[in-house]
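Order of the sequence lines fixes the chain letters, A, B, ..., with proteins taken first and strands second; residue numbering starts at 1 for each chain. Quick caveat: nothing in here was measured; it's all calculated off a predicted structure.
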2 protein chains.
Amino acid sequence: MVLSRIILGLLALAPMTGYDLKRHFDSTVGHFWSADKAQIYRILAQLVAEGYAEVETVAGSGAPDRQEHRITAAGRAALAAWLASEPERQVERDPFLARVFFGADLDDDGLRSLFAQRRAATRAQLARFERMRAEAGASDRGARLRLATLDNGIAHLRTELAWLDAVEEEVA
Amino acid sequence: MVLSRIILGLLALAPMTGYDLKRHFDSTVGHFWSADKAQIYRILAQLVAEGYAEVETVAGSGAPDRQEHRITAAGRAALAAWLASEPERQVERDPFLARVFFGADLDDDGLRSLFAQRRAATRAQLARFERMRAEAGASDRGARLRLATLDNGIAHLRTELAWLDAVEEEVA
DNA sequence: ATCTCCTAGATGACTTGTCTACTAGCCGCG
DNA sequence: CGCGGCTAGTAGACAAGTCATCTAGGAGAT
């Protein structure tokens, strides 16, 4: 459900192919949702079946044909209905914290490397997000909101680093 | 995979029934993983089939019979192997941020109530976590690590509230 | 000339997780 | 006495997501 509404939302910004959508999930919306391309194509087909999107095959000039998907009026209505609906309850799922929770069964080296890896991954992502933020402009309200979701990610990554500092000092 | 290893980890702390496990997922480990009971029972059966756990039926005195699951040596080895293995890559998935990202399609009232709900939910969870934290003691290293995961949750919830303050001021 | 990468899309098998509903006995409340 | 709630477990249908594999043409590199 959420994925299909995110796709509708992206199609509302511009008509796109499944391939274009995949790139969005690997960049602009990747900080709050990810998607496998098989899943994207299946949901596009479903959106078309539901009448929320229309396909137009654009002959590729020196490239494969593009199946451009365009949101319909019904699709915009469905998007608006989702936005106004009860938010789905959040499922917390962090495999790293699971490892820490049972970290007593790990030797000192294992524990240290667990934290070190997390720190490196967090730093790398923070760098990526900050680069994205530097490139983005916040002209209208839509852009400001989109930027705010990125700031959310940045804030949490910084919190994670601070937490790592505290834990490593206390446990190690 | 992660769920089955978390269940192994919990069984390593004490022998348990599926029902006991479900309560753990609703309390002690709920801040980083949740599980449906149907899923828990299925994985327990699978762990037994793999030889990672053994069942003992304990006749209930004034209650239904309990299927107590006890971790085996092979189970402990599998748990240790998982802890030392490459961490699974994190999938970020936050339906609330998805709504914010497309929040421009929402009217002012809708946007305000979206943030208000998030704030209320975040505050409620923070209160729950802080209560849990107050009750917990950090005697040995295992307990300190388990507490650290709770502190992680608390830190992120506080960050979320701070972010909400900033966003509401800027956007609203 | 071949190889690899990129764009573009389709498909099947599989795993994981959720929802609903059912059985069944005990306890306490009113 | 009936009703709801708790303990304990089972079963089936579905939804969501992942992984691997396949087709196919063009561009650029070796």
Side-chain angles (χ1 to χ4, degrees), chain A residues 1-8 11 15-27 29-30 32-50 53 55-69 82 86 88-95 98, chain B residues 1-8 11 15-27 29-30 32-50 53 55-69 82 86 88-95 98:
Chain A
M1 195 58 189
V2 179
L3 180 55
S4 94
R5 298 307 116 140
I6 292 173
I7 288 178
L8 268 187
L11 292 183
M16 277 182 234
T17 66
Y19 195 84
D20 296 333
L21 285 165
K22 177 58 179 156
R23 276 185 311 186
H24 270 95
F25 281 102
D26 292 339
S27 57
V29 301
F32 62 82
W33 211 272
S34 64
D36 188 89
K37 66 178 183 147
Q39 189 76 359
I40 291 171
Y41 284 111
R42 263 193 291 262
I43 287 188
L44 276 178
Q46 186 191 305
L47 289 175
V48 171
E50 289 167 330
V55 209
E56 189 192 347
T57 304
V58 180
S61 55
D65 289 359
R66 295 165 53 79
Q67 303 270 308
E68 282 235 323
H69 289 74
W82 172 68
E86 282 301 293
E88 34 281 300
R89 70 175 188 331
Q90 194 80 355
V91 275
E92 300 297 340
R93 232 154 233 176
D94 190 331
Chain B
M1 196 55 187
V2 179
L3 180 55
S4 93
R5 297 307 115 138
I6 293 173
I7 288 178
L8 268 188
L11 292 183
M16 276 182 237
T17 66
Y19 194 84
D20 296 332
L21 285 165
K22 177 60 181 155
R23 276 186 310 187
H24 269 95
F25 281 100
D26 292 340
S27 57
V29 301
F32 62 81
W33 211 272
S34 64
D36 188 89
K37 65 178 185 149
Q39 188 74 1
I40 291 171
Y41 284 109
R42 263 194 292 261
I43 288 189
L44 275 177
Q46 186 190 304
L47 289 175
V48 171
E50 289 167 329
V55 210
E56 188 193 347
T57 304
V58 180
S61 55
D65 289 358
R66 295 167 53 80
Q67 303 269 307
E68 282 233 323
H69 290 74
W82 172 69
E86 281 302 291
E88 33 282 300
R89 69 178 188 329
Q90 195 79 355
V91 275
E92 300 297 340
R93 233 153 232 176
D94 190 332

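- Residues satisfying the salt bridge (Lys or Arg N to Asp or Glu O under 4.0 Å) criterion with A:E86, sequence neighbours excluded, are absent altogether.
- Remark: A:V91 engages B:S34 in a side chain to side chain contact (heavy atoms under 4.5 Å, CB included) (not counting sequence neighbours).
- Taking 4.0 angstrom as the limit, A:Y41 places none of its side-chain polar atoms (N or O) nearer than this to OP1 or OP2 of C:dA10.
- For the pairing with B:M16, the side chain to side chain contact (heavy atoms under 4.5 Å, CB included) check across B:L11, B:I7, B:L44 returns one residue only, B:L11.
- One atom, CD of B:E50, and another, P of C:dT15, lie 12 Å apart when rounded to the nearest Å.
- The separation between B:R23 atom CZ and D:dA8 atom C1' is 10 Å, rounded to whole Å.
- Considering only residues two or more places apart in sequence or on other chains, B:R93 meets the salt bridge (Lys or Arg N to Asp or Glu O under 4.0 Å) condition with none of them.
- Judged by distance alone, the side chains of B:Q67 and B:T57 do bring a donor and an acceptor atom under 3.5 Å apart.
- Within the 4.0 Å cut-off from OP1 or OP2 of C:dT7, not a single side-chain nitrogen or oxygen of A:T17 is found.
- Look at CD1 on B:I40: it is 14 Å from P on C:dC19, rounded to the nearest Å.
- Distance CD (A:E56) to P (C:dG9): 13 Å, rounded to an integer number of Å.
- In this view, B:A38 and B:D36, B:R42 satisfy the side chain to side chain contact (heavy atoms under 4.5 Å, CB included) rule, not counting sequence neighbours.
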Summarise how protein sits on nucleotides 14-23 of chain D as a single string, 5' to 3': B when a protein heavy atom is under 4.0 Å from the base, S for sugar-phosphate-only contact, - for no contact.
-> --SBBB----

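- We find that CZ of B:R66 is positioned 5 Å from P of D:dA8, with the value rounded to whole Å.
- Put simply, CZ on B:F25 is 14 Å from P on C:dT16, counting in whole angstrom units.
- The distance from atom CD of A:E68 to atom C1' of C:dA8 is 12 Å, rounded to the nearest whole Å.
- B:K22 has its NZ atom 14 Å from the C1' atom of D:dT7, to the nearest Å.
- Partners of B:E88 according to the salt bridge (Lys or Arg N to Asp or Glu O under 4.0 Å) rule, which considers only residues two or more places apart in sequence or in another chain, are A:R99.
- When the side-chain nitrogen and oxygen atoms of B:Y19 are compared with OP1 and OP2 of D:dT7, one or more of them lie within a distance under 4.0 Å.
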